[in-house]
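Every chain is numbered from 1 and lettered A, B, ... according to where its sequence line falls, protein lines coming before strand lines.
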Number of protein chains: 2
Amino acid sequence: MPKNRRVTIADVAARVGMTNITVSRALNRPEMVKAETRSKIEAAASELGYVPNAFARGLKHSESRLIGFVTASVDNPFYAEMIKAVSRHAKQHNYAILLFDTDGEAWLEANAIETLLSYQAAGIILSPISDEPDYRPDYIDRLHNSDVAVVQLDRTLYNADFSSVVLDNVWAGQCVAAHLLNRVFAETRVSAEAPARLLIAAGPEQSIISRERLAGVQTTLAETDRGVAVDVLWGDYTLEPARDDVGAYIETYGMPGAIFGMNQLITLGALQAMKAHGIAPDTLSVISIDRLPYLDIFDIRVPCVVHDGFHAGQRALELLLERIADPELPQQTITVRGELIE
Amino acid sequence: MPKNRRVTIADVAARVGMTNITVSRALNRPEMVKAETRSKIEAAASELGYVPNAFARGLKHSESRLIGFVTASVDNPFYAEMIKAVSRHAKQHNYAILLFDTDGEAWLEANAIETLLSYQAAGIILSPISDEPDYRPDYIDRLHNSDVAVVQLDRTLYNADFSSVVLDNVWAGQCVAAHLLNRVFAETRVSAEAPARLLIAAGPEQSIISRERLAGVQTTLAETDRGVAVDVLWGDYTLEPARDDVGAYIETYGMPGAIFGMNQLITLGALQAMKAHGIAPDTLSVISIDRLPYLDIFDIRVPCVVHDGFHAGQRALELLLERIADPELPQQTITVRGELIE
DNA sequence: CTGTTAGCGCTTTCAA
DNA sequence: TTGAAAGCGCTAACAG
């Protein structure tokens, strides 16, 4: 069977002996058409297998029902959760999602934005590859000059004036420190000679997120007279460097009083290093940001500050829809607080 | 600052004192245009911030550079991996991904297909909500009558004639059984009175995937004279029913000789049930399909048959591109084998 | 090498 | 309630 030529509004019109415009109206503004004509048209349309051409429609209105989601890692479970939330709420408002995985590459991110502009995307949810001050991609101006709504999610471009939904990183750091002071460093007293040591396995040194989390820890520690010394290992949010650096640290300085991993992968890396050095997870206090899934099944307790990705994604989409509806709205930042789970 | 009207090819043309078509050519077929004109045009285009309108182009060619990915669960890590693969390879061929999360709902799946047809998607990678024989959505005919390329991934519609990339489920079952015979039931001898028991926590009873995995186990067991009795608990591929049913089983029949969980979540459910009954993971042999991530860090060994989702996704996209290039190609099925990891 | 014309499928005037 | 004409932005086909 040769594939039928695509059926258009005109084919439907011909079938019922009317003109294009009547068919168009019957399908989009049913109230403007006599009920009888309408049902004839609807019948013909479904019989012929008519599918509206989104391109023609988009060209006409010069607006589209597309929302872009740009992220560095679809396979990060936290992002997967956010994508799910965005996708679910987008389709309730009749938007479809164009997904771009930038794989941490600046040029792919730039391409993604370019493509979204060419599809006249109504909005973009952007989680850029980096929040460091020296990452200032050219597309920022393009976005400001166009009329796409933009909401940054989780990560934000340094100093770019877009709305955003971010985690309360300072607070997460404070939570972590408070928990450690309560549970681990409870007996610690000021002691300049042999202070208790907290090892922090962080993300990149220039990452705002890492710095905020660190700042949170430090302010809370500073509020007490417990003499906790903080050692920071900068990394890149992935497992391997965390594992290697924590391993090296343990070899050089011995076991710290506690380890704080700034995200899931970092913490797993730290745990791996501990295992390699024969340290059981319950001997040394480990605390994390992001949940380490399913460990409770095996009675391994790593307390963590958990952020609700689904909620964050949903808020981002809400913000985006508001901006699409009213582009003149001032930029907003929404902060999502995590919760300490023991 | 009022947002500038969108800049079109005509604006660029006016700027350099040429006509639309020359600009169009300079941008798309550089070789057809004098080098000097071309560079003038390119300069003007980037200065004005020209972005081609994908809708106009799509309308003209009546073909698009869009590929649809339709799945029931973006947040399943196995799917996330496949999405990553598809996305990465799609962009190498200049396709963008329209992502639809159907959340297991038939009407959302139907909507997704409808939307993809309206966007003239060049191809669709489809992982339907169900592979059971009584799920026969209407869109199957629409797809066959249109000229979209379709490749099913992981799950396939019962008896729909589309290409597909599927896991070798029979083989996975055989692997599992062979491993159990070697390691767990090695000493078991024929014994009608007290046969060794293998508990299988499966997906839905009508699911082809579950039935194939089960069949694999049974053929391998049948090839030996070891008297292993198989008990099957049907479920739905999620954690909770598996946990509850395995728990109930243990209470009624006591500990089986081994438990086989047919996917990650089922196995985790089984492990949870064991924990609730005070059975340590190393006392009872558990085996799974799909990896249980990071357990090795804690010295918990659950052998599993692992499938390479990245590879599967990549193959699906390759198949799709082939069909886009030549729609007359016969339908193909590619089978991806997993590997037993101890 | 560059320009004219026409049309992709749909919808927005304006008119009947 | 329905229709005619025009145009969204882009690119074939055919000139020049």
Inset, instruction - Compute the ring centroids of Phe162(A) and His144(A), then answer whether they are less than 6.0 Å apart. - result: yes

Legend entry - Thr22(B) side chain near dG3(C) phosphate (N/O to OP1/OP2, under 4.0 Å): yes

Inset, instruction - Name all pairs fulfilling the salt bridge (Lys or Arg N to Asp or Glu O under 4.0 Å) condition that reach into residues 43-60 of chain A, sequence neighbours left out, sorted by first residue then second. - result: Arg15(A)-Glu47(A)

Legend entry - Minimum heavy-atom distance between Leu59(A) and Ala56(B), given as atom pair plus value: CD1-CB, 3.8 Å

Inset, instruction - For the helix from dC1(C)-dG16(D) to dA16(C)-dT1(D), measure the angle between the helix axis at one end and the axis at the other, each built from five pairs, rounding to 10°. - result: 30°

Inset, instruction - Determine: side-chain N/O of Thr19(B) to OP1/OP2 of dG3(C), distance under 4.0 Å, yes or no. - result: yes

Inset, instruction - Starting from P on dG9(D), measure out to CZ on Arg6(B) and report it in whole angstrom. - result: 9 Å

Inset, instruction - Send over the distance from Gln120(A) CD to dG9(D) P, rounded to a whole Å. - result: 9 Å

Inset, instruction - Find the distance Asn53(A):CG to dC8(C):P and express it as a whole number of Å. - result: 12 Å

Legend entry - First encountered from the 5' end of DNA chain C, between Leu59(A) and Val33(B): Val33(B)

Inset, instruction - Taking all non-hydrogen atoms of both residues into account, name the closest pair between Leu153(A) and Gly313(A) and its distance. - result: CD2-CA, 4.4 Å

Legend entry - Inter- and intrachain pairs under side chain to side chain donor-acceptor pair (under 3.5 Å), touching residues 114-127 of chain A, at least two apart: Tyr79(A)-Ser127(A), Glu114(A)-Arg142(A), Gln120(A)-Arg6(B), Gln120(A)-Asn53(B)

Inset, instruction - Identify, residue by residue, the members of residues 37-46 of chain B with a heavy atom below 4.0 Å from DNA chain D, and return them in order of residue number, or none. - result: none

Legend entry - Pair Arg155(B) + Asp131(B): basic N to acidic O under 4.0 Å: no

Legend entry - Test side chain to side chain contact (heavy atoms under 4.5 Å, CB included) applied to Leu116(B) and Val70(B), Val148(B), Asn111(B), Val150(B), the passing residue: Val70(B)

Inset, instruction - Give the minimum heavy-atom separation between Val151(A) and Ser164(A), together with the two atoms involved. - result: CG1-CA, 4.2 Å

Legend entry - Gln206(A) side chain to Tyr158(A) side chain, donor-acceptor N/O pair below 3.5 angstrom: no

Inset, instruction - Could I get the full list of side-chain contact (heavy atoms from CB on, under 4.5 Å) partners for Arg25(A), not counting sequence neighbours? - result: Ile21(A), Met32(A), Val33(A)

Legend entry - Reading 5' to 3' through nucleotides 11-16 of chain D, protein heavy-atom contacts under 4.0 Å coded B for base, S for sugar-phosphate only, - for none: BB----

Inset, instruction - Looking only at non-hydrogen atoms, find the nearest pair between Asp154(B) and Ile209(B) and report the distance. - result: O-CD1, 3.9 Å

